[in-house]
Amino acid sequence: MVELSPSILSCNFSNLQKDLDKTTGTDLKMIHIDVMDGIFVPNISFGFKVIKDIRDKNDYFFDTHAMIVEPIKYIEEFKNSGVDRLTIHYEACENLDQTIDKIKDNDMEAGLTFKPATDINLIIPYLEKIDLVLVMSVEPGFGGQTFMEDSIEKIKILRAYIDENNLDVKIQVDGGIKTTNVEKVIDAGVDEIVSGSDVFGKDIKEQINKYYEIFKQKSL
Ligand SMILES: O=C(CO)[C@H](O)[C@H](O)COP(=O)(O)O
Ligand SMILES: [Fe+2]
C-alpha cells in the first residue's frame with residue numbers, strides 16, 4: 001500500500017510537537033523533514049537541533065529531504081540527529097556516487113531527487129544503488145505550491161524502469177499533493193506521497209485519515 005510522508009515544513013514551529021501529537025492514532029509511519037540551506041534553494045528551514053529534539057519524542061521513520069549544497073559534509077550529523085533516510089539532490093553533489101555510498105556507510109537509506117528541469121535520464125543510472133527516488137512536483141524551496149502535471153510522466157517512466165529491471169527502489173512524489181489530486185500520482189505508480197500544506201495546514205488528523213482512506217481504496 002501507498003504510504004504518506006507529511007512534511008513538517010507546514011507545521012507551526014512554535015508548536016511543532018503539538019502538531020506532531022495530532023498525528024497519533026492514525027496509520028502514519030513516517031514524517032518528511034525538509035532541510036533547506038538558503039543556497040541550494042532560496043529559503044532556510046531548520047537544522048539538526050530541531051530534528052534531534054523531535055527524534056526524542058517521535059517514533060516515526062524520519063524521511064529527510066536535504067535541499068542543501070554538498071550534503072556529503074553533513075551525513076554524520078544527519079545520522080546523529082536520528083534520520084532514517086536521507087534524500088539528496090542530484091544537482092547539489094559534486095560526487096554523487098561517493099555521497100550515496102557515505103549515506104549507506106552511515107546506516108541510513110539513500111534517496112535521490114532532482115529538480116523539475118533536470119533530465120530524468122541522468123537519474124536512471126543511479127537507481128541500482130539507491131533506496132528511493134523522489135520526483136519533485138514543484139520547484140524545491142517552499143510549501144504550498146501548485147503540482148506540476150509533467151511529474152506524472154516522470155513517475156510512469158521510473159515505475160516502468162524499476163519494474164522491468166526488478167529493482168528494489170521506492171518512488172516518492174513531493175510538492176502540491178492534495179487529497180483531491182493524489183489519485184493520479186498513485187495511478188502513475190508512486191509508493192510514497194509527501195504532502196505538507198494539505199496535512200499540517202488543515203485538520204491534521206482528519207487529513208491523514210482521508211489520505212489513508214484513499215490509499216486503502218486504491219489498494220483493493
Ligand atoms: O520539499 C518541499 C518543498 O521544497 C516540501 O516537501 C513540499 O513542498 C511539501 O509542501 P506542499 O505539500 O505544501 O507542496
Ligand atoms: Fe520535501
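Order of appearance sets the numbers: ligands from 1, and atoms from 1 within every ligand. As the structure is a prediction and not an experimental result, all values here were calculated from the model.
At a 3.5 angstrom cut-off on N or O pairs, Met136 does not count as close to ligand 1. Every N/O-N/O distance between Leu9 and ligand 1 stays at or above 3.5 Å. Polar contact check, Pro140 against ligand 1: no nitrogen or oxygen pair lies under 3.5 Å apart. Of the polar atoms of Asp174, at least one N or O is found under 3.5 Å from an N or O of ligand 1, judged by distance alone. Looking at Glu139 next to ligand 1, no N or O pair under 3.5 Å apart turns up. Below 3.5 Å of separation, one finds no N or O of Ser10 facing any N or O of ligand 1. Between Val194 and ligand 1, a contact under 3.5 Å exists for no N or O pair. Some N or O of Gly141 is nearer than 3.5 Å to an N or O of ligand 1, by distance alone.
From the protein, the heavy atom lying nearest to atom 14 (O) of ligand 1 is Gly176 N, 2.9 Å. Among protein heavy atoms, atom 8 (O) of ligand 1 sits closest to Phe142 O, 3.2 Å. Shortest contact from atom 12 (O) of ligand 1 to any protein heavy atom: Gly196 N, 2.7 Å.
The closest donor-acceptor contact from the side chain of Asp174 to the backbone of Leu134 lies at 3.5 Å or more, if one exists at all. When atom types are taken as modelled, the side chain of Tyr126 and the backbone of Leu112 share no donor-acceptor pair closer than 3.5 angstrom.
Residue Asp34 places a heavy atom under 4.0 Å from ligand 1. The closest approach between any non-hydrogen atom of Lys178 and ligand 1 is not below 4.0 Å.
For Asp59, the CG atom sits in a loose shell: 12 or fewer heavy atoms of surrounding residues, nucleotides or ligands are nearer than 6.0 Å. Other residues, nucleotides and ligands contribute only 12 or fewer heavy atoms inside 6.0 Å of the CD atom of Gln98. Counted within 6.0 Å of NZ on Lys29, heavy atoms from surrounding residues, nucleotides or ligands total more than 12; the atom is thus considered enclosed. Within 6.0 Å of CG on Asp168 lie no more than 12 heavy atoms contributed by other residues, nucleotides or ligands. At most 12 non-hydrogen atoms from other residues, nucleotides or ligands lie less than 6.0 angstrom from NZ of Lys170.
Near His65, with a cut-off below 4.0 Å to any heavy atom, the atoms of ligand 1 are 1 (O). In the vicinity of Gly175, heavy-atom distances shorter than 4.0 Å reach the ligand 1 atoms 14 (O). Every atom of ligand 1 is numbered from 1 in the order shown, and the set under 4.0 Å from a heavy atom of Ser195 is 12 (O). Residue contact check: Ser197 has heavy atoms under 4.0 Å from atoms 11 (P), 12 (O), 13 (O) of ligand 1. Near Gly144, meaning under 4.0 Å from any of its heavy atoms, are these atoms of ligand 1: 11 (P), 13 (O), 14 (O). Near His32, meaning under 4.0 Å from any of its heavy atoms, are these atoms of ligand 1: 6 (O). Atoms of ligand 1 found under 4.0 Å from any heavy atom of Gly143 (numbered from 1 in listed order, with element): 8 (O), 10 (O), 13 (O).
Ring-plane geometry between Phe40 and His89 is classed as tilted, the angle between the planes lying from 30 to 60 degrees on a 0 to 90 degree scale. In this pair, Phe215 and Tyr212 present their aromatic rings perpendicular. The plane angle is above 60°, beyond the 30 to 60° band.
The shortest distance between side-chain heavy atoms of Ile68 and Ile39 does not fall below 4.5 Å.
Of all N, O or S atoms in His65, the one lying closest to the Fe ion (ligand 2) is ND1. The N, O or S atom of Asp174 with the smallest distance to the Fe ion (ligand 2) is OD2.
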Take Asp56 and Lys52 through the salt bridge (Lys or Arg N to Asp or Glu O under 4.0 Å) test and state the conclusion after the steps. CA-CA 6 Å; Asp56 292 341; Lys52 238 178 247 162; over 6 Å; no

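Side-chain atoms of Glu128 and Asn165 form no donor-acceptor pair, as typed in the model, at a separation below 3.5 Å.
His32 contributes NE2 and Asp34 contributes OD1; the angle these two atoms make at the Fe ion (ligand 2) is 90°, rounded to 10°.
Seen from the ring of Tyr74, Lys79 does not count as a face-on cation partner, given the 6.0 Å and 45° thresholds. In this structure, Arg55 satisfies the cation-pi test against Phe62, with its NZ or CZ atom closer than 6.0 Å to the six-membered ring centre and inside 45 degrees of the ring normal.
Of all the heavy atoms of Ser7, the ones lying under 4.0 Å from any atom of ligand 1 belong exclusively to the side chain.
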